[in-house]
Amino acid sequence: MQEKYLPSEIERAAQAKWTASQAYRASDTSERPKYYCLSMFPYPSGKLHMGHVRNYTIGDVLARYHAMRGYNVMQPMGWDAFGLPAENAAIANNVPPAAWTYANIDHMRTQLQALGFAIDWSRELATCKPDYYRWEQWLFTRLFEKGVIYKKMATVNWDPVDQTVLANEQVIEGRGWRSGAPVEKRDIPMYFFRITQYADELLSGLDRLPGWPERVKTMQANWIGKSVGVRFAFRVSAEGGTTSPSPLAGEGRGEGEDLLWVFTTRADTLMGVTFCAVAAEHPLAARAAESNPELAVFIAECKQGSVAEADMATMEKKGMDTGLKVAHPLTGEEVPVWVGNYVLMSYGEGAVMAVPAHDERDFHFAKTYGLPIKQVIGVEGETFSLDGWQEWYGDKTRGRCVNSGKYDGLDYAAAVDAIAADLKSLKLGEKKTQFRLRDWGISRQRYWGCPIPIIHCDHCGDVPVPADQLPVVLPEDVVPDGSGNPLNKRADFVNCTCPKCGGAARRETDTMDTFVESSWYYARYACPDFDGGMLDARANTWLPVDQYIGGIEHAILHLLYARFFHKLMRDEGLVSSDEPFANLLTQGMVVADTYYREAEGGKKTWFNPADVELRDGIAFLKSDGQPVIVGGTEKMSKSKNNGVDPQALIDQYGADTARLFTMFAAPPEQSLEWSDAGVEGAHRFLKRLWKAAFDHLQVRGSVTAYMSGDLGNLSDEAKALRRQLHQTIQKVGDDIERRKQFNTAIAAVMELMNALAKLEGDDAMTRGMRQEALEAAVAMLAPIVPHIAEALYAELRPGAALAWPEVDEAALVQDEIELMLQVNGKLRGQVRVAATADKAAIEDAALASEAAQKYLEGKPPKKVVVVPGRLVNIVI
RNA sequence: GCCGGGAUGGCGGAAUCGGUAGACGCAGCGGAUUCAAAAUCCGCCGCUGGUAACAGUGUGGGGGUUCGAGUCCCCCUCCCGGCACCA
């Protein structure tokens, strides 16, 4: 055995061995129980960052642990290969996105292999390849025909200078990232997935996911946002005596010109309505603006700025009176209609009733614009005042109706019921379940994505591309220049014939949201080579995924879309399960400091932490020695350029050290602030482990008592160590399998190794004991540091396969245990009692102890609390 | 703004069901080894007072429940993630 720990050598050897034996090839036909362990696939941005290392090491630990426990494990890997960064790189470097992407994939694959992950590379896929997206296009055409996909107008960010649609990320403080021009909202036609049709199932399904973190389920439930309320209408005061069509016959907003529909969860406050507010895009607003130039200007102002909801919600609430009046549905009273920049056209009806007395936002709006405020809810002992908002105004659990005529005295539920019933009898409204969730718009005006398989024909309309003409292949030699969609300039792509009538037609040039590809890749891994359809029977062999691992930032969108897609595939008969991921581990973010410089016009250039050095608390760019601005600690990302390259770590210390450190530095669900310190310690531990095995093996020949079962002659010290060994085996298994807390598993093995180093003696029994402990320690570490474990196990047990150690219950037995002794809840000493002692015996022993006597001073205790196995608390 | 999460020594973190706060590691300090350094090994290490034994204090801030609170409840501050076109 080599005396020195040489990571590069043993890692190369171990990886060569695994590759040669196809050690991580998953069997589609095994009798053993399956364990499908999946980590979120990476976007091929260039090189791996620490977030990847963390994510894939967590997955690898679980995959390898389960393999050691006898499971047929599948751990696949692929590439989320379409996306905006490839187009940005193309603009910056004049390289086709395809070439850039494929080069990145090759480099990152090499990096993943150098980290020694137990990946079944035979299942590798890339979403930008036609043999993958072909089936996405096929499903699209199926769903389009079923009506699950439909077309409607939607609002996007428009850069008037670059003449292009901008992603929210490309809008910086209301301006286009490249042009710096103020961004406008623009309505364009888009294709939508009818995800709202599945809203109820997506919500109720959360209750059947015990293996998901509560926080993720809560976030999804809130996102779906089911609320029961009342949808009702105000009559728009007639300006020519038009009559209303049957108000409940239609659906959607603004049917007819004479009804203003709104939705509310607070129908109990309906008597307190003092105005209505509509979105700037609402038809009523447009109508009022025709004869009101000032209003038209205001509406145009509202169309400035980004469409991001976070921007909408944080901007100053502004409004303007339209001059229009509507009639209160119950009192007939005249109510003014305002345009509010805070009313979202995309949510509900694009219009809201305003009750300033009992809604905080309405309250402030009414105060700003001098609108009336009418109290209609009262709480006993509280006084309503117009001076300022108080929490109880909006509390529906405590209030009763006041100033509300016949509804006075009713509580929330009774008032909602009574008012809904009255609206219904007036045919002006009824109870309705509403979701916050909106349909999923998937059209993107971008080149580097999956083409939407639709052909536009002047005669036949939007025609889905027939299955035998799929895939619609994206040309890979295009270099975008940042303006418009380059596919529009490709006549060879655009011009086609209509599949229905055979006439000249135009191909759709929008591509799909990249979330579509990532919504079903987990299923395709079961059968990546199947060319007869989207999925074959192997999908049901492997699904659902037993363990899914990925960043917490995906808690809502990606995970909700993937759940939705699974149900779409189920309803197409492609999979038989209801949910894609049985267990979910959301790893915390790897965060790092950010550094930037700001050009005139607010454009920021971000610098990588590796290129920055700190002197006297000021950050300087290494290349030019000039200062940069410190931007705070944020998620490692391409856009903030604060990713730390793990390659240097691997080159210097080896993959095992990189893996050990990332698992040891923090528990997986917590965010991990990157720092170089600490890596050294992980490496030192591996060196000590190597040396301990080496020293032991120098005298291997004399190990006779090894696992003989006859442990009677062990010294007390050795017995205690053996107890610790088996406690450690128990703990590490529990930490990995149940708690998924790898940092404490590693700490426990470190403690064991520290104790083992102190164990004296070279007799046969002690050496046997040491052999047992070393084998177990190496095996327990194998999922985390597989290369060194492979090498050491081969020395400790030549020819044997790595096996997870079994707990010897007999080793865990203790005769005496130590309890802590508290006096008035403060630790004052210890008590030793027999492990079998009952409560009375423990109490007697505690009271008799020196420490207790000292504090009791001969007086009897007030109370004695005994927690067997833990403590005695004497209350004086 | 809304939804979700977090805050524990100089630092990363541990304390799994309300029961010894600070495991394990990093940094630091002292020592051994060495011509010297690196590496390695041994010891110390929350804060205050004390030579020490020990005492007090301490888990972002304020209040509460309990024999006992880092852990449960209420209020507050700050930080992070998501907010539908970043992935």
Side-chain angles (χ1 to χ4, degrees), chain A residues 40 42-43 45 80 82-85 88 154 156-157 165-171 213-216 218-223 225 306-315 317 342 346 361 436-446 513-515 518 551-558 560-561 588-589 591 632-635 637-639 661 664-667 669-673 675 677-682 684-685 687-688 691 731 734-735 738-739 741 743-744 746-751 754 757 818-827 829-830 862-865 867 870-871 873-875:
Chain A
M40 290 181 186
Y43 176 78
S45 54
D80 187 15
F82 278 136
L84 203 51
N88 296 341
V156 294
N157 302 306
V165 175
L166 296 178
N168 283 335
E169 192 194 44
Q170 298 172 317
V171 180
E214 280 309 318
R215 62 168 162 165
V216 174
T218 306
M219 280 190 260
Q220 292 216 348
N222 290 339
W223 183 262
S306 101
V307 299
E309 190 175 317
D311 295 335
M312 306 281 283
T314 48
M315 69 192 175
K317 309 288 176 287
Y342 62 91
S346 50
R361 195 173 53 183
R436 205 187 75 94
L437 181 69
R438 308 195 294 259
D439 277 340
W440 175 16
I442 54 145
S443 295
R444 298 290 179 268
Q445 298 68 44
R446 306 201 195 295
D513 180 359
T514 57
F515 271 125
S518 56
I552 183 65
E553 67 273 25
H554 296 293
I556 297 175
L557 290 179
H558 161 63
L560 188 68
Y561 292 147
M589 237 101 29
V591 297
T633 309
E634 290 184 61
K635 175 179 89 163
S637 72
K638 191 93 181 155
S639 59
F661 175 70
F664 183 61
E669 303 225 305
Q670 262 179 49
S671 67
L672 167 62
E673 191 172 329
S675 85
V679 176
E680 193 74 47
R684 261 202 294 266
F685 172 70
K687 281 200 281 191
R688 274 203 302 273
K691 186 159 189 306
K731 177 175 171 56
D734 187 54
D735 276 353
R738 180 181 64 88
R739 298 216 301 151
Q741 186 125 328
N743 55 332
T744 52
I746 294 164
V749 179
M750 285 176 167
E751 283 183 80
N754 290 345
E818 196 164 78
L819 303 183
M820 62 162 162
L821 177 66
Q822 291 185 337
V823 177
N824 287 341
K826 280 186 194 261
L827 180 70
Q830 280 84 26
K862 220 187 217 171
K863 185 177 175 182
V864 179
V865 180
V867 184
R870 285 220 180 254
L871 61 74
N873 186 16
I874 301 169
V875 187

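Everything numeric in this text was worked out from a predicted model, so none of it was measured. In what follows, chains carry the letters A, B, and so on, assigned in the order in which the sequence lines appear, proteins first and then strands, with residues in each chain numbered from 1.
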Which nucleotide, if any, forms a Watson-Crick or G-U wobble pair with [N], using both distances under 3.5 Å?
N	answer
B:G50	none
B:C29	B:G43
B:A36	none
B:C2	B:G82
B:U65	none
B:A23	none
B:U77	B:A7

OP1 or OP2 of [N] versus the side-chain N and O atoms of [X]: is any pair under 4.0 Å?
X	N	value
A:Thr218	B:G4	no
A:Asn873	B:G19	no
A:Arg684	B:A38	no
A:Lys826	B:U57	yes
A:Gln741	B:A14	yes
A:Arg444	B:C85	yes

Can you tell me, in whole Å, how much space there is between the [atom1] of [N] and that of [M]?
N	M	atom1	answer
B:C74	B:U65	C1'	11 Å
B:C83	B:A15	C1'	35 Å
B:C72	B:G82	P	26 Å
B:G28	B:U66	P	48 Å
B:G70	B:A23	C1'	15 Å
B:U71	B:U16	C1'	11 Å
B:A36	B:U40	C1'	16 Å
B:G68	B:G4	C1'	32 Å

Please classify the nucleic acid contact of [X] as base, sugar-phosphate, or nothing, using heavy-atom distances under 4.0 Å.
X	result
A:His554	base
A:Arg688	sugar-phosphate
A:Leu871	base
A:Phe685	nothing
A:Ser443	base
A:Thr314	base
A:Val749	nothing
A:Pro42	nothing
A:Leu821	nothing
A:Gly441	sugar-phosphate
A:Arg870	sugar-phosphate
A:Lys731	base
A:Ala310	base

So which of A:Val864, A:Val823, A:Leu827, A:Val865 actually passes side-chain contact (heavy atoms from CB on, under 4.5 Å) with A:Asn873?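 Going through A:Val864, A:Val823, A:Leu827, A:Val865 one by one, the side-chain contact (heavy atoms from CB on, under 4.5 Å) with A:Asn873 is satisfied by A:Val865 alone.
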Where the chi angle of B:C73 falls, syn if within 90° of 0 and anti if not: anti
Please work out whether B:G82 sits syn or anti, treating a glycosidic angle within 90° of 0 as syn.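 Anti, angle beyond 90° from zero.
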Looking only at heavy atoms, what is the nearest atom pair of [X] and [Y], with distance?
X	Y	answer
A:Ser518	A:His558	O-CE1, 3.0 Å
A:Val216	A:Ala555	CG1-O, 3.7 Å
A:Asn824	A:Val875	OD1-CA, 3.4 Å
A:Phe685	A:Met750	CE1-CG, 3.6 Å
A:Val165	A:Arg446	O-NH1, 3.7 Å

Nucleotide nearest [X] when distance is taken to its side chain, options [options]:
X	options	result
A:Asn222	B:C3, B:G13, B:G19	B:C3
A:Arg739	B:G82, B:A15, B:G19	B:A15
A:Met820	B:A84, B:G19, B:G81	B:G19
A:Arg438	B:A84, B:A39, B:G81	B:A84
A:Val875	B:C67, B:A87, B:G12	B:C67
A:Val165	B:C85, B:U16, B:G68	B:C85
A:Asn168	B:C85, B:G81, B:G1	B:C85
A:Asn157	B:C85, B:U16, B:U20	B:C85
A:Ala308	B:G19, B:C85, B:A84	B:A84

So with a 6.0 Å cut-off around NZ of A:Lys317, is the heavy-atom count from everything else above 12? yes
Between atom [atom1] in [X] and atom [atom2] in [N], what is the gap in whole Å?
X	N	atom1	atom2	answer
A:Glu669	B:G6	CD	P	10 Å
A:Leu557	B:G4	CG	C1'	13 Å
A:Tyr43	B:A87	OH	P	7 Å

Scan side-chain atoms only and decide if A:Asp311 and A:Ser306 contain a donor-acceptor pair under the 3.5 Å cut-off.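 Yes, side-chain donor-acceptor contact under 3.5 Å.
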RNA chain B nearest-nucleotide lookup for A:Ile556 and A:Asp735: closer to the 5′ end is A:Asp735
Pairs: protein N or O with nucleotides 70-75 of chain B N or O, under 3.5 Å:
none

Dump the intermediate steps for salt bridge (Lys or Arg N to Asp or Glu O under 4.0 Å) on A:Lys687 and A:Glu680, then the final yes or no. CA-CA 11 Å; A:Lys687 281 200 281 191; A:Glu680 193 74 47; 5.4 Å; no
Check if the side chain of A:Gln670 and the base of B:G6 share a donor-acceptor pair of N or O atoms closer than 3.5 Å.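 Answer is no: no donor-acceptor pair is held.
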Any N/O donor-acceptor pair, A:Gln445 side-chain to B:C85 base, under 3.5 Å: yes
Mind listing the N/O atom pairs, protein and nucleotides 22-24 of chain B, below 3.5 Å?
{"from": "B:A23", "atom 1": "O2'", "to": "A:Glu751", "atom 2": "OE1", "distance (Å)": "3.2"}
{"from": "B:A23", "atom 1": "O2'", "to": "A:Glu751", "atom 2": "OE2", "distance (Å)": "3.2"}

